[in-house]
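Worksheet for the structure shown next.
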Amino acid sequence: MIVILTGAGISRESGLPTFRGVDGLWEKARIEEVATSSALRRDPARVYRFCNAMRAAILSPGVAPNPAHYALARLQAEAAGEVVLVTQNIDDLHERAGSEEVLHMHGEGLKARCRRCGFVLCWEKDLFGSEDCPECKARKALRPHIVLFDEEPLYMGEIRRALDLCGLFVSIGTSGSVYPAAGFVSLVRARGVRTLELNLEPSLNRGAFSEAFYGPASEIVPKFVNRVLSGKHAPNSGKV
Ligand code: APR
């Protein structure tokens, strides 16, 4: 089994911004004002506006999967063993590229969730917090289906089981700043499993990976996938 973890860097060449770095979203907005559950209680309109802007960006006409997303969909379809795709991204670019099973541990920007009953539904319009739940009919109950900073990530049971079983862990386009995702590499490495970083630049936890390759995801991810599918991805081979 292979576990792949993706982050904002894989969608950068698709036209979506990353969070950190010079053009990152956190240069323009403060996490504690737009992306925590206390911000949601204190100033819900501001959190909703921020989430509405991220949803609009995902849906903007120029945004589309890039060769890295397509390569991972191909890997899932053609690899001999199971490929578990875990993403921190709230965009739907893995799905648009053809990936069928994607564990969105930080939620999904194009979905809303009922605060009362937990019902999740597709949602592509702006969300204002005044919307009723279509399932349990609770009033003003819908919120973005996005995990805020002090909330528990989703699918952690499935992810931990996959981390316990995998023989290769690959991290793509993530800075290693946010836990628990940033800690996955150390959990897997403790079992002696190969761990590979594919990123534009060394991440914060570069030292925890057994191998690393740097460059734009649209170039290095298809190369990596070709090597896995042709059986050439030997450990420490020195090449993607
Ligand atoms: N190809 C590969 N990697 C890239 C590219 C590219 N074209 N462009 C940027 N990167 C790399 C950056 O070098 C950086 O290391 O992607 C990484 C993006 O890091 P972050 O912006 O921190 O994104 P991510 O790691 O996904 O953030 C984790 O933080 O704010 C939260 O919930 C948000 O899910 C997000 C989490």
Side-chain angles (χ1 to χ4, degrees), residues 3-37 39-40 47 50-51 53-55 57-58 62-72 85-94 97 102-111 143-156 159 169-186 196-209 211-225 240:
V3 174
I4 312 266
L5 170 70
T6 65
I10 196 169
S11 297
R12 183 69 196 90
E13 292 162 87
S14 292
L16 292 174
T18 59
F19 290 92
R20 296 166 186 82
V22 276
D23 294 325
L25 285 177
W26 299 144
E27 288 294 307
K28 298 173 189 122
R30 289 166 60 88
I31 290 175
E32 55 277 21
E33 288 173 359
V34 297
T36 62
S37 56
L40 187 61
V47 176
F50 181 73
C51 294
M54 288 201 290
R55 186 179 310 106
I58 296 167
V63 170
N66 69 58
H69 297 101
Y70 286 110
L72 293 182
L85 181 53
V86 180
T87 188
Q88 299 169 88
N89 299 344
I90 60 164
D91 66 56
D92 64 341
L93 295 176
H94 285 304
V102 187
L103 300 176
H104 282 272
M105 63 180 292
H106 292 170
E108 293 174 74
L110 302 184
K111 290 186 178 169
R143 59 159 281 177
H145 186 45
I146 293 174
V147 176
L148 300 172
F149 260 87
D150 39 8
E151 296 178 329
E152 176 76 6
L154 308 174
Y155 305 109
M156 287 309 295
I159 294 169
F169 173 79
V170 187
S171 172
I172 302 172
T174 176
S175 63
S177 311
V178 175
Y179 286 79
F184 292 168
V185 59
S186 302
L196 174 60
E197 167 159 281
L198 302 177
N199 205 34
L200 195 59
E201 60 197 356
S203 68
L204 291 180
N205 47 12
R206 158 66 186 105
F209 289 91
E211 296 157 70
F213 299 95
Y214 299 112
S218 66
E219 292 173 19
I220 60 176
V221 175
K223 280 189 194 169
F224 156 74
V225 167
V240 182

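Counting starts at 1 for both ligands and their atoms, in listed order.
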**Report entry** Min N/O separation Gln88 to ligand 1 under 3.5 Å
**Finding:** yes
Query raised in the report: If you round to the nearest 0.5 Å, how far is OG1 of Thr36 from CZ of Phe149?
Result: 9.5 Å
Query raised in the report: Do you know the tightest heavy-atom contact between Pro67 and Ser218?
Result: CB-O, 3.7 Å
Query - Atom pair CG (Leu103) and CD1 (Ile4), whose distance is rounded to the nearest 0.5 Å - result: 12.5 Å
Query - Enumerated ligand 1 atoms positioned under 4.0 Å from heavy atoms of Pro216 - result: 1 (N)
Query raised in the report: Is the shortest side-chain N to carboxylate O distance from Arg143 to Glu151 below 4.0 Å?
Result: yes
Report task. Can you sort out which atoms of ligand 1 are near Gly7, meaning under 4.0 Å from one of its heavy atoms? Result -> 26 (O)
Query raised in the report: Which class fits the ring pair Phe169 and Phe209: parallel under 30°, tilted 30 to 60°, perpendicular over 60°?
Result: parallel
Report summary line: Rounded to the nearest 0.5 angstrom, the CD1-CG distance for Ile90 and Leu110 is 8.0 Å
Query raised in the report: Between Val178 and ligand 1, is there a nitrogen or oxygen pair with a distance under 3.5 Å?
Result: no
Query raised in the report: Among protein heavy atoms, which sits nearest to atom 12 (C) of ligand 1, and what does the distance come to when rounded to 0.1 Å?
Result: Glu201 OE2, 3.8 Å
Query raised in the report: What is the closest protein heavy atom to atom 10 (N) of ligand 1, and at what distance does it sit?
Result: Gly9 CA, 3.6 Å
Report task. Quick one: look up the protein heavy atom nearest atom 34 (O) of ligand 1 and list residue, atom name and how far away it is. Result -> His106 ND1, 2.9 Å
Query raised in the report: Looking at atom 30 (O) of ligand 1, what's its closest protein heavy atom, distance included?
Result: Trp26 NE1, 2.7 Å
**Report entry** Region of Tyr179 that comes within reach of ligand 1 [heavy atoms, distance under 4.0 Å]
**Finding:** neither
Report task. For atom 27 (O) of ligand 1, find the nearest protein heavy atom and state the residue, atom name and distance (0.1 Å precision). Result -> Arg20 NH1, 3.2 Å
Query raised in the report: Hey, are Ser203 and Ser175 close enough side-chain-wise for a donor-acceptor pair under 3.5 Å?
Result: no
Query raised in the report: Any N/O of Asn89 closer than 3.5 Å to an N/O of ligand 1?
Result: no
Report summary line: If we number the atoms of ligand 1 from 1 as shown, the ones under 4.0 Å from a heavy atom of Glu13 are 1 (N), 6 (C), 7 (N)
Requested in this report: Would you mind checking which non-hydrogen protein atom is closest to atom 20 (P) of ligand 1, with the distance to 0.1 Å?
Outcome: Ser175 OG, 3.6 Å
Report task. Provide the closest heavy-atom pair for Phe50 versus Ala29 in the form atom of the first, atom of the second, distance. Result -> CE1-CB, 3.9 Å
Requested in this report: Could you say whether the N/O atoms of Arg12 and ligand 1 ever approach to under 3.5 Å?
Outcome: no
Query raised in the report: With a 4.0 Å cut-off on heavy atoms, does Ser203 reach ligand 1?
Result: no
Query - Spatial distance of atom NE2 (His69) from atom OG1 (Thr6) [nearest 0.5 Å] - result: 6.5 Å
Query raised in the report: Looking at ligand 1, does any of its N/O atoms fall within less than 3.5 Å of an N/O of Ala217?
Result: yes
Query raised in the report: Does the N or O separation between Ala8 and ligand 1 drop below 3.5 Å for any pair?
Result: yes
Report summary line: atom 25 (O) of ligand 1 has as its nearest protein heavy atom Thr174 OG1, 2.6 Å
Query - Test log, rule side-chain hydrogen bond (donor to acceptor under 3.5 Å, both in side chains), inputs Ser37 and Asp150 - result: CA-CA 6 Å; Ser37 56; Asp150 39 8; 2.9 Å; yes
Requested in this report: Among all protein heavy atoms, pick the one closest to atom 15 (O) of ligand 1 and tell me residue, atom and distance.
Outcome: Asn199 ND2, 2.9 Å
Query raised in the report: For Ala217, does its backbone N or O pair with a side-chain atom of Glu13 as donor and acceptor, under 3.5 Å?
Result: yes
Report task. Could you tell me whether the side chain of Arg55 and the main chain of Ile58 form a donor-acceptor pair under 3.5 Å? Result -> no
Requested in this report: Please identify which atoms of ligand 1 are closer than 4.0 Å to at least one heavy atom of Phe149.
Outcome: 30 (O), 31 (C)
Query - Residue Gly173 vicinity, atoms of ligand 1 by number, heavy atom under 4.0 Å - result: 3 (N), 16 (O), 17 (C), 18 (C)
Requested in this report: Find the distance between CD (Glu197) and OG1 (Thr174) and round it off to the nearest 0.5 Å.
Outcome: 8.5 Å
